Amino acid sequence: MRTTAHHRPLHVGSTGNRVQKVEERLKSAGYLKGAADDRFDAKTAKAVVAYKRDNGWEGKPQGVVGERMNDSLKRTTAGTTPSSTGGTTATAQASQTGGSDGKNKTPSTLKGATYNVERDRNPKDVQKWLGDFAKKNKLDFVQLQEINGYHKALEKIPGYHLVTFPGAKDHGETGILVKDSLLQGQKTSIQGEGGGWTTVRGGHAPPRAATAVKLAGWLQVVSAHQPPSVDWKGGEIDGPKNRVSTYKSLSEKLLGFANRKIAKNPDEGLLIGGDWNEPASTKGKWSPGWIAQQAGMTTHGGVESHGHGKIDYAMSYGCKVSNVKAGPTGGSDHNIVLFTVSRPKGKG
C-alpha cells in the first residue's frame, strides 16, 4: 500500500533542500529578494507571511511552511521552469531588455483593457472575438472577469498567455490576458473571505479572488471583480449580509496588497482594475474610492459601460493612465474599456 509522505513544517532555523526549494518558489513569486539558499532565516519567514496574506490565509499568518503552504507555492509557480542560475523563471517571461514592440528595450508605455466576459457564452466565440480585438488594437494586456468556463479557450489565443488561479476559491473567476513577450514569473492570487453568497439560481458563489501579475519589469497589474447587489446608504455599505462581508473582505485584501507593493517597490507602477459594480463617486469604507484613498492611489472611472452604469474600473500608483474609452461589448453585457498606461520619465 502506498502512503503519502508528510514532512515536518519548516520554520526559522530549518535547513536543507526543502528550504531551498521553498525559497526558490518564494523568489519566483516575487516575495523573496536575494539568493535562495538552504537556510530558513527571518527574511524567509517575512516572505512566507507576506505570501500568506496575499493568498487567503485567515487570522494572523505565521512564518511557517506546512503542507498547505508548500502545495500553494507549487501551484503558484507551476508555470515556471528552472533557470541556468538555479532560480526559476516564467516559461513565457520576457527578457529584462525585451519589449512588446520587439525592439531591444523595455516598453515604457503599455496598452491595456478591462473586460467582464459574462457567463454562459460560447467559449469559442469569446476566444475569437477577444483574440481578434486584442490583436487589432495591439493590446499588451486585458484584465478579465467572469472567466469561469473560458480558461481553455482563452489559453489558445495566439501571442497571449492567460494568467489565472483555477485553484482559488472562486476557481479562477478573474484573470489577465498578457502578451507573451511581457509576462514575468511573479503572479499572485488575492483571495477574499466572507463565506460567499447564494446566486439568483440558488447556487453558491465562493468569495472572489483577484489575480495579479508583473509586466514589463515595472507594472504590477491586478484584475478584480467585486460582487453585485451591494450599495451605499448614508456612507455605509448596504446589501445582503453574505455579499457585504465578502465585499468588505476583498476590499481589505486589495488595500493590504496595494500598501505592501507600494512600500516594497516604490519605483514600480501599480494598476488595480476590473468591475466593482460601483461608480467612482461611491463613498464610504470598503468602496473603490476608499481603497484608492487609503493606498494613496489615483482613481480612473466614469466611462459608460454595462448599459447605463459608470464603473470605476481602475486605480493607479506610480504610472499614468490616459486615453480611456469604452469599446464594443463583443457579445457581453459589458463594454470592453481601453486605456494606455505610461511609466513616468526618470523611472527605471
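Given the structure is predicted, the values throughout are model-derived calculations rather than measurements. Note that these values count all heavy atoms, side chains included, but never hydrogens, waters or copies made by symmetry.
- Looking only at atom types and distance, the side chain of Thr211 has a donor-acceptor partner in the side chain of Thr174 under 3.5 Å away.
- Listed here is the closest heavy atom pair of Leu250 and Ile190: CD1-O, 3.7 Å.
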*Check against side-chain contact (heavy atoms from CB on, under 4.5 Å), Lys261 and Glu268*: CA-CA 9 Å; Lys261 287 297 178 182; Glu268 293 182 359; over 6 Å; no

*Might you work through the side-chain contact (heavy atoms from CB on, under 4.5 Å) test for His300 and Met315, ending with a clear yes or no?*
CA-CA 6 Å; His300 311 273; Met315 57 186 76; 5.5 Å; no

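- Taking all atoms of both residues into account, the shortest heavy-atom contact from Phe40 to Gly63 is CZ-O, 3.4 Å.
- Rounded to the nearest 0.5 Å, atoms NZ (Lys325) and CD1 (Ile336) are 11.0 Å apart.
- Note on ring orientation: taking the six-membered ring where Trp is involved, the planes of Tyr31 and Tyr51 are perpendicular (angle over 60°, cut-offs 30° and 60°).
- For the pair Val142 and Thr114, the minimum side-chain heavy-atom distance is 4.5 Å or more.
- Closest approach of Gly194 and Ser245 over heavy atoms only: O-OG, 3.2 Å.
- No donor-acceptor pair closer than 3.5 Å links the side chain of Glu173 to the backbone N or O of Ala209.
- In this structure, the side chain of Gln62 engages the main chain of Lys60 through a donor-acceptor pair within 3.5 Å.
- Atom NZ of Lys43 is surrounded by more than 12 heavy atoms from other residues, nucleotides or ligands within 6.0 Å.
- Residues Tyr247 and Trp276 keep their aromatic ring centres 6.0 Å or farther apart.
- Atom CD of residue Gln220 and atom CG of residue Leu271 lie 10.5 Å apart, to the nearest 0.5 angstrom.
- No side-chain donor-acceptor contact under 3.5 Å links Gln293 to the backbone of Ile291.
- Checking side-chain atoms of Asn335 against main-chain N and O of Gly327 turns up a donor-acceptor pair under 3.5 Å.
- Of the possible donor and acceptor atoms, none in the side chain of Arg243 sits under 3.5 Å from a partner among the backbone N and O of Gly239.
- Of the inter-residue distances, the one linking Asn122 atom CG with Lys124 atom NZ reads 7.5 Å to the nearest 0.5 angstrom.
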*asked:* side-chain contact (heavy atoms from CB on, under 4.5 Å), that's the test. Do Leu139 and Phe133 meet it? Break it down for me.
replied: CA-CA 8 Å; Leu139 297 180; Phe133 186 87; 4.1 Å; yes

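- Here the OG1-CG distance, from Thr164 to Asp170, works out to 7.5 Å after rounding to the nearest 0.5 Å.
- Within the 4.5 Å cutoff, no side-chain heavy atoms of Val117 are placed close to those of Gln145.
- Under the 3.5 Å distance criterion, with hydrogens and angles disregarded, no donor-acceptor pair is assigned to the side chains of Ser249 and Gln191.
- Formation of a donor-acceptor pair under 3.5 Å by the His171 side chain with backbone atoms of Pro206 is not found in this model.
- Residues Val64 and Val22 do not share a hydrophobic cluster, defined by chaining ILVMFWY side chains whose heavy atoms lie under 4.5 Å apart.
- Results of the side chain to side chain donor-acceptor pair (under 3.5 Å) test with Trp286 over Glu252, Gln226, Glu236 single out Glu252 as the only residue that passes.
- Checking side-chain atoms of Glu146 against main-chain N and O of Arg119 turns up a donor-acceptor pair under 3.5 Å.
- Heavy-atom minimum distance, Asp275 versus His225: O-CD2, 3.0 Å.
- Between the CD atom in Glu67 and the CZ atom in Arg8 there is a gap of 13.0 Å [rounded to 0.5 Å].
- Looking only at atom types and distance, the side chain of Thr44 has a donor-acceptor partner in the side chain of Asp41 under 3.5 Å away.
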*asked:* As a quick check of understanding, evaluate salt bridge (charged side-chain N to carboxylate O under 4.0 Å, His left out) for Lys136 and Asp132, giving each step before the final call.
replied: CA-CA 6 Å; Lys136 178 181 178 181; Asp132 290 346; over 6 Å; no

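- Residue-environment remark: NZ (Lys135) stays at or below the threshold of 12 foreign heavy atoms within 6.0 Å.
- Here the shortest heavy-atom pairing between Tyr115 and Ser332 reads OH-CB, 3.3 Å.
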*Take Val341 and Lys320 through the side-chain contact (heavy atoms from CB on, under 4.5 Å) test and state the conclusion after the steps.*
CA-CA 6 Å; Val341 186; Lys320 180 182 178 182; over 6 Å; no

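- For the pair Asp140 and Lys179, the salt-bridge criterion is met [side-chain N within less than 4.0 Å of a carboxylate O].
- At a cut-off of 3.5 Å, with distance as the only test, no side-chain donor of Glu193 or Thr246 sits close to an acceptor on the other residue.
- Using a 4.5 Å heavy-atom threshold, the side chains of Asp238 and Val244 count as separate.
- Side chains of Ile157 and Leu162 form no contact here, defined as non-hydrogen atoms less than 4.5 Å apart.
- Val49 and Leu10 are assigned to two separate hydrophobic clusters, defined by single-linkage of ILVMFWY side chains at heavy-atom distances under 4.5 Å.
- Shortest non-hydrogen contact noted between Val222 and Ala212 is CG2-CB, 3.8 Å.
- Not a single donor-acceptor pair under 3.5 Å links the side chain of Tyr317 to the backbone N or O of Ala258.
- If you check the side chains of His334 and Glu118, you find no donor sitting under 3.5 Å from an acceptor.
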